[in-house]
Every structure is written in C-alpha cells, then in structure tokens.
Amino acid sequence: MADKTCAKCGAPLTRDDIGAHRKLVHRGAQSFYCKACLAAHFHISPAYIDEMIARFRSQGCRLFR
Ligand SMILES: [Zn+2]
C-alpha cells in the first residue's frame with residue numbers, strides 16, 4: 001500500500017483518502033482519488049469528506065484505523 005497517488009492529479013494519498021474512496025466509490029478499488037478530487041467528483045466539499053471520515057472512525061470502521 002506504499003506510495004499510492006491520486007489517479008487524477010497525482011497527489012500522494014493518505015490512508016484517509018483511500019478509506020474515503022473505498023467508502024464512496026468501491027470497497028475493492030485498486031486506484032484512488034485524493035480527497036480534493038473525490039470531493040470534486042461527487043460535488044461535495046472536502047470538509048464534508050473529513051466529517052464523513054470522522055464519523056466512520058468513531059463507529060470503529062476498519063477502513064479508518
Ligand atoms: Zn487528486
């Protein structure tokens with residue numbers, strides 16, 4: 001899982017970016033968008049994605065450990 005980059009803009013990805021992509025797009029995804037590109041793709045704000053990640057993490061979701 002090292003050195004993953006955004007499939008759209010090439011930005012380095014965090015675990016949160018990858019987790020958010022899996023939640024929003026596809027659980028078994030092999031290429032990922034960064035948070036900014038995900039937000040643009042879904043016409044939502046990056047802050048909304050942050051809130052979503054925080055919510056899933058508080059629920060103990062395995063994607064956001
Ligand atoms: Zn990107």
Side-chain angles (χ1 to χ4, degrees):
M1 195 62 107
D3 299 314
K4 289 273 189 194
T5 55
C6 174
K8 194 167 183 180
C9 73
L13 296 173
T14 65
R15 288 181 58 84
D16 282 356
D17 292 335
I18 292 168
H21 187 107
R22 288 206 158 119
K23 276 289 186 191
L24 287 167
V25 182
H26 189 263
R27 185 118 189 167
Q30 292 298 315
S31 64
F32 306 95
Y33 285 179
C34 68
K35 210 181 316 183
C37 291
L38 263 186
H41 183 76
F42 286 100
H43 304 288
I44 57 181
S45 72
Y48 179 83
I49 294 180
D50 284 333
E51 284 173 28
M52 193 194 71
I53 290 168
R55 191 163 64 242
F56 284 127
R57 181 176 283 130
S58 73
Q59 291 168 354
C61 177
R62 289 188 306 114
L63 291 174
F64 299 104
R65 289 246 166 106

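Computed from a predicted structure; not experimentally measured. Values below: every heavy atom of this structure, side chains too, minus hydrogens, waters and symmetry copies.
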> Which pairs, with at least one residue in residues 23-40 and sequence neighbours excluded, count as a salt bridge (Lys or Arg N to Asp or Glu O under 4.0 Å)?
Replying inline: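 Sorted result for residues 23-40: Lys35-Asp50.
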
> Considering residues at least two apart in sequence or located in another chain, which fulfil the side chain to side chain contact (heavy atoms under 4.5 Å, CB included) criterion with Ala29?
Replying inline: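 If we apply the side chain to side chain contact (heavy atoms under 4.5 Å, CB included) test to Ala29, skipping adjacent residues, the hits are His21, His26, Phe32.
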
Return the [atom1] to [atom2] distance between [X] and [Y], rounded to the nearest 0.5 Å.
{"X": "Lys4", "Y": "Arg15", "atom1": "NZ", "atom2": "CZ", "value": "12.5 Å"}
{"X": "Asp16", "Y": "Cys34", "atom1": "CG", "atom2": "SG", "value": "13.0 Å"}
{"X": "Ile18", "Y": "Tyr33", "atom1": "CD1", "atom2": "OH", "value": "14.5 Å"}

> Does Thr14 have any side chain to side chain donor-acceptor pair (under 3.5 Å) partners at least two apart in sequence or in another chain, and if so, which?
Replying inline: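 Result, side chain to side chain donor-acceptor pair (under 3.5 Å) vs Thr14: Asp17.
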
Between side-chain atoms of residues 38-48 and protein atoms elsewhere (two or more places apart, or another chain), which donor-acceptor pairs fall under 3.5 Å?
| from | atom 1 | to | atom 2 | distance (Å) |
| --- | --- | --- | --- | --- |
| Ser45 | OG | Tyr48 | N | 3.1 |

> Does Arg55 have any salt bridge (charged side-chain N to carboxylate O under 4.0 Å, His left out) partners at least two apart in sequence or in another chain, and if so, which?
Replying inline: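 With sequence neighbours excluded, Arg55 shows a salt bridge (charged side-chain N to carboxylate O under 4.0 Å, His left out) to no residue whatsoever.
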
> Closest heavy-atom contact between Cys6 and Leu13?
Replying inline: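 Of all heavy-atom pairs spanning Cys6 and Leu13, the closest is N-CG, 3.6 Å.
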
> What closest approach, in Å, do Pro12 and Thr5 show between heavy atoms, and which atom pair accounts for it?
Replying inline: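 Residues Pro12 and Thr5, closest heavy atoms: CA-CG2, 4.2 Å.
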
